[in-house]
There are 2 protein chains.
Amino acid sequence: MTSAAKGSRRLRQFECPVYGFQKIINGKYKIRIIRDLQHGPRRYGEIQHGLLTGAEGTKEVAPRVLSRELKELRTLGLIDRRDYGEAPPKVEYKLTAEGESLIPVISMMHAWGVQHLVKDSILNKLDIKRE
Amino acid sequence: MTSAAKGSRRLRQFECPVYGFQKIINGKYKIRIIRDLQHGPRRYGEIQHGLLTGAEGTKEVAPRVLSRELKELRTLGLIDRRDYGEAPPKVEYKLTAEGESLIPVISMMHAWGVQHLVKDSILNKLDIKRE
DNA sequence: CGGGATCCCGATAGATACTG
DNA sequence: CAGTATCTATCGGGATCCCG
């Protein structure tokens, strides 16, 4: 089996591709984590500080939650974890080939979101002026 | 305000487009419902019979669950509901313009899923033979 | 610094029964 | 046919404290 296929064993477990997709990105931060890793490896803390809860209080993600999301993404074979084994601890996460292949899809989701979901966007204002 | 903007009021409520996308498709059946409506209106029962729970038992969706998902999609302005007011009841659901604009994104998710998520796909077998 | 352990809570899915 | 009502089990997210 090729290495790509090897890493995707856990991924190939669904009957319906759309339902499967829904399942693997399920979790509040998974898509954003993958997106944050698109330009190279990031450390645990960097990911944490980059992710806000989305609420008004702009709090950071609870470590238990982030840790679980990262573990699930690893189990799915979408990201790799590298522990430098130093003191103080240093751990880096990066996308696998499978994870990288997800970037174009997420980019499309992002583009759609910019057009339809974000409040007070430029497009939104243009639309108002056009009426 | 144009009609498109009018229908999207409830949609434009997020700061982060990716997080927003994750939120609106949250729910076990939302993406599949939208996809099932891509070729025209469908009745409540048709949608229900087309959706399997995904588990081995291939059971149908509980009416309470489907009803809620449909209601949420309506609130988001992604689908429309038409009640024919007859006896026996007849209700049809169809995509709004906003909902239709989601189809290309879902198609991409579907394509990725076929390549990476579905077990025993043709691609999967080719990959095994290649080793 | 990068987590794990524990506790809590609201949300969500499902089963079942019922109705206009 | 197209839902609603009720109840229950489970899950996911968050808070807090702790550790090597």
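Per chain, numbering begins at 1; letters A, B, ... match sequence-line order. Since we're looking at a predicted model, the values are computed, not measured.
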N/O donor to acceptor pairs below 3.5 angstrom from side-chain atoms of residues 61-70 of chain B, sequence neighbours left out:
residue: B:E69; atom: OE1; partner: B:Y29; partner atom: N; Å: 2.8
residue: B:E69; atom: OE1; partner: B:K30; partner atom: N; Å: 3.2
residue: B:E69; atom: OE2; partner: B:K30; partner atom: NZ; Å: 3.4

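- Atom pair B:R74:CZ and D:dA2:P shows a separation of 14 Å (rounding to whole Å applied).
- Of the candidates D:dT4, C:dG4, D:dG20, D:dT4 carries the atom nearest the B:K71 side chain, counting heavy atoms from C-beta on.
- In this structure, CG of B:D83 is placed 10 Å from C1' of D:dG3, rounded to the nearest angstrom.
- OP1 or OP2 of C:dA13 has not a single side-chain nitrogen or oxygen of B:K59 nearer than 4.0 Å.
- Classification of B:D80 and B:R82 as a salt-bridged pair fails, no side-chain N sitting under 4.0 Å from a carboxylate O.
- Judged purely by atom type and a 3.5 angstrom limit, B:W112 uses its side chain to pair as donor or acceptor with the backbone of A:S101.
- Ring planes of A:Y44 and A:Y93: tilted class, angle from 30 to 60°.
- Judged by closest nucleotide on DNA chain D, B:E92 is the one of B:E92 and A:G27 placed further toward the 5' end.
- Protein atom CD of B:E60 is 12 Å distant from nucleotide atom P of D:dA2, rounded to whole Å.
- Between the CD1 atom of A:I24 and the C1' atom of D:dG12 there is a distance of 18 Å, given to the nearest Å.
- The listed nucleotides are C:dG4, D:dG3, C:dG2; the one nearest the side chain of B:Y93 is D:dG3.
- Applying the 4.0 Å criterion to OP1 and OP2 of D:dA2, one finds that B:R42 has every side-chain N and O outside that range.
- Atom CD in B:Q48 sits roughly 10 Å away from atom P in D:dC1 (whole-Å rounding).
- Annotation for B:T96 and B:I79: closest pair CG2-C, 3.6 Å, computed over non-hydrogen atoms.
- Within a 6.0 Å sphere centred on NZ of A:K90, heavy atoms belonging to other residues, nucleotides or ligands number more than 12.
- Note: B:D36 CG to B:I47 CD1 = 7.5 Å, rounded to the nearest 0.5 Å.
- Of the candidate nucleotides C:dA13, C:dG2, D:dA2, C:dG2 has the atom lying nearest to any side-chain atom of A:P89.
- When distances are taken from the side chain of A:V65 to each of C:dG3, D:dG13, D:dC1, the shortest belongs to D:dG13.
- Between the CD1 atom of A:I33 and the CD atom of A:Q48 there is a distance of 10.5 Å, given to the nearest 0.5 Å.
- The side chain of B:Y44 contributes no N or O atom lying less than 4.0 Å from OP1 or OP2 of D:dT4.
- Proximity of B:R68 to the phosphate of C:dA13: a side-chain N or O atom is located under 4.0 Å from OP1 or OP2.
- Rounding to whole angstrom units, NZ of residue B:K23 and C1' of C:dA11 are separated by 10 Å.
- Within 4.0 Å (heavy atoms only), B:Y84 reaches no atom of the nucleic acid at all.
- The distance from atom CD of B:E69 to atom C1' of D:dG3 is 15 Å, rounded to the nearest whole Å.
- Between D:dC1, C:dG3, D:dG3, one nucleotide has an atom nearer to the side chain of B:S67 than all others, and that is D:dG3.
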Protein N or O to nucleotides 5-8 of chain C N or O, pairs below 3.5 Å:
residue: C:dT6; atom: O4; partner: A:R64; partner atom: NE; Å: 3.2

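- Residue B:R82 places none of its side-chain N or O atoms closer than 4.0 Å to OP1 or OP2 of D:dA2.
- When the C1' atom of D:dG12 is taken as reference, atom CG of A:L66 falls 14 Å away, rounded to whole Å.
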